[in-house]
Amino acid sequence: MAKDHVVIIGNGPAANEAAIALRERAPELRVTIVGREHVRQYKPHFLPALIAGKITEHDLFVRPIESYSQAGIKLRLGQEVVDVDFDTRRVILAHKEVLRFDGLIIATGGKPRIPEPFLVFQDVMMTLKTLADARVWIEKLARVDSVLIVGGDLTSVAFAKALVSMGKTVKLMVDEHGFWPLHLGDETRQEVAQRLASSGMELVACRKLKGLARVSADEIRVETDCGRYTVGAVGAFFGLVPDVKFLARSGLYIERGIIVDESLMTHYDGVYAAGDCAQVYHPALRDYWVSIGYRNAENLGRIAALNLIGGKVCAETPPESIFHVEGVKVPTSWWAEI
Ligand SMILES: Cc1cc2nc3c(=O)[nH]c(=O)nc-3n(C[C@H](O)[C@H](O)[C@H](O)COP(=O)(O)OP(=O)(O)OC[C@H]3O[C@@H](n4cnc5c(N)ncnc54)[C@H](O)[C@@H]3O)c2cc1C
């Protein structure tokens with residue numbers, strides 16, 4: 001099925017892999033990537049190393065900016081999609097420009113999740129999802145020596161280690177939300193926690209965060225069920241949730257992510273979703289799964305592109321896979337059990 005103009009929303013691995021596959025397999029198509037951030041594609045898993053000063057921003061980027069024009073891909077950076085009209089097949093940008101599409105791939109990824117009980121502390125807590133977030137952390141860490149990490153998801157492990165390597169004091173509050181969306185049993189959680197402690201982090205045994213108050217620009221008073229202390233910064237690491245709020249009134253079926261079939265197509269013809277924002281039908285599970293990960297996103301991006309141009313490829317990610325958290329085997333995929 002030929003589609004003259006394919007718009008791809010997002011600029012992460014799913015989006016970029018989709019764009020490359022489209023240009024390689026269907027060079028007659030016009031392909032446009034629309035990305036909210038002002039920078040070209042980078043590797044989010046390198047952000048902790050950037051913060052620790054082990055690499056430069058240059059090392060984060062996946063490919064040179066010229067490669068987009070060379071490949072015939074139109075790259076629109078710093079432009080946010082705020083709505084999609086599926087009847088007229090138009091994407092609406094924040095600055096009111098409208099882009100017509102024949103085919104659409106939505107690859108908007110995830111955004112940091114803050115569980116309900118922690119929303120009240122949102123303004124005081126920092127997250128780490130984007131390069132912009134990393135730059136804020138770098139500035140902050142130039143001024144503070146101690147960090148409390150609340151939640152303790154999988155990305156926080158690398159981040160906490162980076163902080164320790166910088167000589168920072170790291171407190172880790174791994175409560176019942178710790179390592180979400182993994183459901184670690186008490187024993188495994190304790191084992192993971194012990195290993196983290198042996199890497200130089202201080203584990204906070206408390207289970208309830210009662211208060212966070214900013215005392216000064218670089219001082220936060222923390223109140224828990226077992227005492228009070230002061231830190232320079234508090235990081236919230238509770239995993240990622242699909243970044244799809246802007247589509248809430250578009251008519252797309254959205255549950256945890258954008259509902260798609262095994263070919264990654266939504267119920268609109270020629271409209272696909274891939275990567276962390278997609279909730280994919282799995283025939284063996286007879287259910288929909290959201291799965292997170294860099295390679296997984298690349299793979300889904302490529303599959304969506306191939307199917308958009310008439311392929312018949314199924315997204316066959318196993319419902320369960322083994323993750324290694326600090327040497328402990330965790331038999332689940334990050335998001336399969338949400
Ligand atoms: C700190 C950190 C460490 C990680 N470590 C690992 C790891 O070790 N291993 C691993 O497999 N995975 C890791 N991940 C997860 C991995 O990076 C993601 O699973 C992967 O990037 C998802 O790719 P994606 O293309 O689906 O979405 P994303 O990479 O999230 O990209 C989505 C893109 O869409 C853009 N966007 C969103 N909404 C809009 C909009 N409305 N308009 C325009 N653009 C929009 C965003 O700005 C972004 O460019 C890590 C993530 C982080 C943040």
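No hydrogens, no waters, no symmetry mates; every other heavy atom, side chains included, goes into these values. Keep in mind it's a predicted model, so treat the numbers as computed, not measured. Both counts, for ligands and for their atoms, begin at 1 and track the order of listing.
Looking at ligand 1, you'll find an N or O of Val81 within less than 3.5 Å of one of its N or O atoms. Polar contact with ligand 1: present for Ala14 (N/O pair, distance under 3.5 Å). Of the N or O atoms in Asp276, one or more lie within a sub-3.5 Å distance of an N or O in ligand 1. Taking any N or O of Gly275, backbone or side chain, none lies under 3.5 Å from an N or O belonging to ligand 1. Looking at ligand 1, you won't find any N or O of Thr155 less than 3.5 Å from one of its N or O atoms. Where the criterion is an N or O separation shorter than 3.5 Å, residue side chain and backbone included, Arg295 fails it with respect to ligand 1.
Residue Asp243 has at least one heavy-atom neighbour below 4.0 Å for each of these atoms of ligand 1: 37 (C), 38 (N). Heavy-atom proximity to Gly109, at under 4.0 Å, picks out these atoms of ligand 1: 26 (O), 27 (O), 28 (P), 30 (O), 32 (C). Contact atoms of ligand 1 toward Ala297: 22 (C), 23 (O), 24 (P), 26 (O) (distance under 4.0 Å to a heavy atom of the residue). For ligand 1, the atoms sitting less than 4.0 Å from at least one non-hydrogen atom of His45 are 3 (C), 4 (C), 5 (N), 6 (C), 7 (C), 8 (O), numbered in the order shown with element in parentheses. Using a 4.0 Å cut-off to heavy atoms of Gln79, the atoms of ligand 1 that qualify are 43 (C). Proximity to Ile9 (heavy-atom distance under 4.0 Å) selects the following atoms of ligand 1: 42 (N), 43 (C). The Gly12 neighbourhood of ligand 1 comprises atoms 25 (O), 29 (O), 31 (O), 33 (C), 49 (O), with distances under 4.0 Å to a heavy atom of that residue. For ligand 1, the atoms lying closer than 4.0 Å to a non-hydrogen atom of Val34 are 43 (C), 44 (N).
Between Arg76 and Glu97, the closest side-chain pair of non-hydrogen atoms falls below 4.5 Å. In this structure, Leu131 and Leu50 have side chains that are in contact, with non-hydrogen atoms separated by less than 4.5 Å. At least one side-chain heavy atom of Glu37 sits less than 4.5 Å from a side-chain heavy atom of Tyr42. Side chains of Asn11 and Leu75 form a contact here, defined as non-hydrogen atoms less than 4.5 Å apart. Here the side chains of Leu141 and Leu163 are in contact, with some heavy-atom distance below 4.5 Å.
The aromatic rings of Phe86 and Tyr268 sit parallel, their planes meeting at an angle under 30°, below the 60° perpendicular limit.
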Pair Met126-Leu128, side chain to side chain contact (heavy atoms under 4.5 Å, CB included): steps then yes or no: CA-CA 7 Å; Met126 296 167 71; Leu128 178 61; over 6 Å; no

For the pair Arg30 and Asp4, evaluate salt bridge (Lys or Arg N to Asp or Glu O under 4.0 Å) and give the outcome as yes or no after the intermediate values. CA-CA 6 Å; Arg30 278 198 303 132; Asp4 292 343; over 6 Å; no

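Checked options Lys129, Arg113, Arg36; the residue passing with Asp243 is Arg36 (criterion: salt bridge (Lys or Arg N to Asp or Glu O under 4.0 Å)).
Nearest heavy-atom pair across Ala15 and Ile8 is CB-CG2, 3.5 Å.
For Val82, no heavy-atom contact with ligand 1 is shorter than 4.0 Å.
Contact between Gln41 and ligand 1 is absent, with no heavy atom of the residue lying under 4.0 Å from the ligand.
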